[in-house]
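Lettering follows sequence order; numbering is per chain, from 1.
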There are 2 protein chains.
Amino acid sequence: MAKPNMKDVARAANVSPMTVSRAFKQSATVSDATRERIMKIAEEMGYVFDSTASNLRSQKTGFIAVIVPTINNANFADTVRAMSEGLRTQDLQILLGYTDYDIQEEERLIEQLLQRRPEAITLTGGKHTPRARRLLLNAGIPVVETWDLPPDPIGHAVGFSNAAAGRLMLEHFVARGYRRIGFIGGDESRDSRGLERRYGFIRALAEHGLDTTRLVASGPPPISMHEGAMSMRELLEKWPDTEAVMCVSDLSAFGALTECQRRGIDVPGQIAIGGFGAYDIAEHCVPALTTIDANAAEIGRQTAKVLLEHRHAMAGKKPFEFPQRIIQLTPTLLPRETT
Amino acid sequence: MAKPNMKDVARAANVSPMTVSRAFKQSATVSDATRERIMKIAEEMGYVFDSTASNLRSQKTGFIAVIVPTINNANFADTVRAMSEGLRTQDLQILLGYTDYDIQEEERLIEQLLQRRPEAITLTGGKHTPRARRLLLNAGIPVVETWDLPPDPIGHAVGFSNAAAGRLMLEHFVARGYRRIGFIGGDESRDSRGLERRYGFIRALAEHGLDTTRLVASGPPPISMHEGAMSMRELLEKWPDTEAVMCVSDLSAFGALTECQRRGIDVPGQIAIGGFGAYDIAEHCVPALTTIDANAAEIGRQTAKVLLEHRHAMAGKKPFEFPQRIIQLTPTLLPRETT
DNA sequence: GGCGGGCATGCTATCGTTAACATGCCGTAT
DNA sequence: ATACGGCATGTTAACGATAGCATGCCCGCC
C-alpha cells in the first residue's frame, strides 16, 4: 500500500492525470462535477498532493525566504507575523532563517535558502558579506531589505532611519530639560541597527554641545533585560549625576528601570529612561516607559505588499522590469512616564 | 544567460552530471581533486544547487514541519529555537506554521505542510481535529506532540502535565498560608494547555477545601499583559479579599502586578501573584515574579533528539519500527518575591 | 446547415537531480 | 602473471507533477 500519486487517483476516477492536476488547482478549468468527484476519491484514497514534484515542473515553489536576526524578539516576530499574514492568501509559505546577528551566518543561510528556490527573499538590515550580495543579485528573485534603509539597496527596501530614531529620543530628552545624558547598548558592530541608533543619538548630543562620553556597552547582542540592568549599574557608578539615558531597546530599558527600582532611585525624578521598539512591556510597566515605535508590524505588512505587487507585475503576459521600491517609514516617539 | 544547472557545470568541468552531483554531497565518493575543481567551476558559473529537483528524485526534502500556536510568544519561540539548534547540524530546514490557538487552522496547516513532504512533523498540544489525526497517522513520518502529554499520542510526545503545573502553584500558595485564592486565564477551550493548568489548580483547591469560584476569564488567547491587568481589576472588584492569584502565564501575571502597583496595592503584602512560563520578565520585574518553569527550551531540545534518533534508526539497512517515545518533563516552581 | 468559438479533457515531453547499476582502472595478494 | 577488491566515474531511467499543444464536443449565429 504505497502512497497513491496523481496517476492512481486518475485511474480511480477514470480521467487523465492532467484532469486530476487541474482539479487541484484553484484557477484551472475543470467542470464542477468532475472536480468534486476527483476530490472525493482523492480524499478517500488518502492522496496528498505532492508539492515537490509540482515545484520542479512548474518552476514555482511558493516559498518566501525570510531572514531575521532572531525569532526570540517580539519586534522581529511581529514583522514576520504581519508579513506572513499578508502572504497567507496567496498560499505562500515562509522559509524562516535566523542569523544570531552574524553576517557570516547570514551568508550561509542565504546560500542554503536559495537552494530551495524561493520566489523572493527578505533580509533584516542592509549589511551583508560581499558574497551574500552577489548571491542575492544573481538569484533573479525580488529581494527586500527591511528594518533599515541601506545606502545601496540590493532590491527593494522597507525600513526607517535608525539614526533618526536615536536623534528623536535625544531631542525629546533635551526638550524635557535633561542635559547630562547617556546611552546603553551593545558593544559590537553586529547589531548595526542598534549601532545606528546610537550614532544618531550621539551626533544629536554633539550638536547640542552636550557630553557624548556617557556610553555603556554591554556585550554582543541580544541586549536584553539582564544587560540593561547591568549597564545601568555601570552607568550609575561611572557617571552618578546622569539625568537621562536611552537604551538600545525596551527590553534593556526595562532592565535598567528595574535596577533603579531595586536601588530606590526614582524614575524619572532622579533619572529618566527612554527605550526603543514599543514592546508590550513598555506600555504596561510602572512607570510606563517612554519609547519609540518603529512599527514592526507595518514593516511586515509593507514588505508583503511590495512582494505581492512585484509578483503580480511579473505574472503579466509581458513581464516588465518592476521598479525598485524604497518604503520609508517614520518612527514615532511615544512619551510616557519614565521621562 | 539562463541559470546554469548541473549539466552545464558538468560540461564545463568535463565530467558527467553524476560526478557533479556527488561533488555536492557531503558523503559521496569523489576524488578530492575533482570535487575541488567542480566546486570552483560551479561557484564561478554562479551555479546554485537546486533542492527541488533533488527532493523529488531522492524522495527526501530535509524539511521538518513545526506547528505552534504563535511565534509571538517567548515560550514557543524558545522551543522552536532550541529545536532548530538541535537540527541544524543535519541540514534540516524548519517549516514553521502557526495556528493562532485554533485547531481548525491547525488542520489546514497540517494539510498544507504535508504537501511539502516534510520528514517529520511536530505539533503543540494534543488536541486535534479528527481529520488532522487521520492525516498525521497516514503521513508515514514521525509525529511529535509537544508541550503536553496527550492521553492518546499520535506518535511521540515531549511535554509535561499542565495540570500538575497548576497544582504545583496552588500547593505553594497553601504552604505560604494563603487561603482565599483565585485564577486568571482565558475563557475558551482554545488554549487547552492553559485550561489544563486551571483545572489542575482548581482540583487542588477543592482538595484543600478552599473556595474554587474565584476565576476570572478574560477572552480568547493570547492572554497577555493587558488582559492580565483587566482581569486583576475584575478580581479585586468581585472578591476584594483575595489573598493570592495564579495567572495563566507570566505575561498576564505581570499585567496583574502592574495593575496592583497602579492602585497602590502591595504585592505580596496584600495579594500574592504567581505566573507560569519563566519568562525573562518574571525574573527581572520588581518584585520578581514567582513562576513555574516548564523548560520551553528543553522541550525543543528533546524533540530534536527524538527526531534525530528516529531518523538515524530509519537510515539503517533494515529499518525497524522505531518505538514510541514519551518524554515527560517536570515543571519546577521558582519561588520569588510576589508570593 | 455550416462555421467559429469556448469549454472540458487528453497526450507528450519535461523540470533538474540522483538511485541503481555498470564500467574501467589500479594495486595487491597469490 | 592472474585474479580480485575497491575506488572513481559513467549511463540510464526514474521521481510526480504540469506546460504546451491537440482534440472533441456543444452552442449560437449568419
For B:S58 and A:F24, find the nucleotide of DNA chain D closest to each by heavy atoms; which residue's nucleotide sits nearer the 5' end?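 Its nearest nucleotide lies further toward 5', so the answer is B:S58.
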Euclidean distance, atom [atom1] of residue [X] to atom [atom2] of [N] [Å, nearest integer]:
{"X": "B:K60", "N": "C:dA19", "atom1": "NZ", "atom2": "P", "value": "8 Å"}
{"X": "A:K25", "N": "D:dA17", "atom1": "NZ", "atom2": "C1'", "value": "9 Å"}
{"X": "B:K3", "N": "C:dG16", "atom1": "NZ", "atom2": "P", "value": "10 Å"}
{"X": "A:M6", "N": "C:dG10", "atom1": "CE", "atom2": "P", "value": "13 Å"}
{"X": "B:Q26", "N": "C:dT18", "atom1": "CD", "atom2": "C1'", "value": "17 Å"}
{"X": "A:Q115", "N": "C:dT17", "atom1": "CD", "atom2": "P", "value": "10 Å"}
{"X": "A:D8", "N": "D:dC15", "atom1": "CG", "atom2": "P", "value": "11 Å"}
{"X": "B:R117", "N": "D:dC15", "atom1": "CZ", "atom2": "P", "value": "14 Å"}

Just checking, is any N or O donor in the side chain of [X] or [Y] under 3.5 Å from an acceptor N or O on the other one?
{"X": "A:S51", "Y": "A:S54", "value": "no"}
{"X": "A:H128", "Y": "A:E107", "value": "no"}
{"X": "B:D50", "Y": "B:N5", "value": "no"}

Counting side-chain heavy atoms from C-beta on, which of C:dG16, C:dT9, D:dT18 comes nearest to B:N5? C:dG16
Contact under 4.0 Å: [X] side-chain N or O vs [N] OP1/OP2:
{"X": "B:S31", "N": "D:dC7", "result": "no"}
{"X": "A:K7", "N": "D:dA17", "result": "no"}
{"X": "A:T34", "N": "C:dA8", "result": "no"}
{"X": "B:Q59", "N": "D:dG16", "result": "yes"}
{"X": "B:T29", "N": "D:dA8", "result": "yes"}

Near-strand residues of residues 37-57 of chain B, defined as heavy-atom separation under 4.0 angstrom from DNA chain C: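 When residues 37-57 of chain B is checked for heavy atoms under 4.0 Å from DNA chain C, the hits, listed by number, are B:Y47, B:F49, B:D50, B:A53, B:S54, B:R57.
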[X] bridged to [Y] by N-O distance under 4.0 Å:
{"X": "B:R311", "Y": "B:E119", "answer": "yes"}
{"X": "A:E43", "Y": "B:R131", "answer": "yes"}
{"X": "A:E111", "Y": "A:R108", "answer": "no"}
{"X": "B:D32", "Y": "B:R37", "answer": "no"}

Let me see the working for B:E36 and B:K40 under salt bridge (Lys or Arg N to Asp or Glu O under 4.0 Å), right down to the final yes or no. CA-CA 6 Å; B:E36 261 172 54; B:K40 186 156 160 283; over 6 Å; no
Take the C1' atoms of the five end pairs on each side of the helix from C:dG1-D:dC30 to C:dT30-D:dA1, derive the two axes, and give their angle rounded to 10 degrees.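 The end-segment axes of the helix from C:dG1-D:dC30 to C:dT30-D:dA1 are tilted 40° relative to each other.
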Kindly assign one of parallel, tilted or perpendicular to the pair A:H310 and A:H156, based on the angle between their ring planes and the thresholds 30° and 60°. perpendicular
Strand contacts (DNA chain D) in residues 11-22 of chain A, 4.0 angstrom heavy-atom criterion: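 Listed by number, they are A:M18, A:S21, A:R22.
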Is A:R88 close enough and on-axis enough to B:Y98, meaning under 6.0 Å and within 45°, for cation-pi?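 Ring-cation test returns yes.
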Set out, in order, the CA-CA distance, both residues' side-chain angles and the distance that settles side chain to side chain donor-acceptor pair (under 3.5 Å) for A:S192 and A:Y101, then state yes or no. CA-CA 9 Å; A:S192 55; A:Y101 297 92; over 6 Å; no
Do B:D8 and B:K3 make a side-chain contact, defined as non-hydrogen atoms from C-beta onward lying under 4.5 Å apart? no
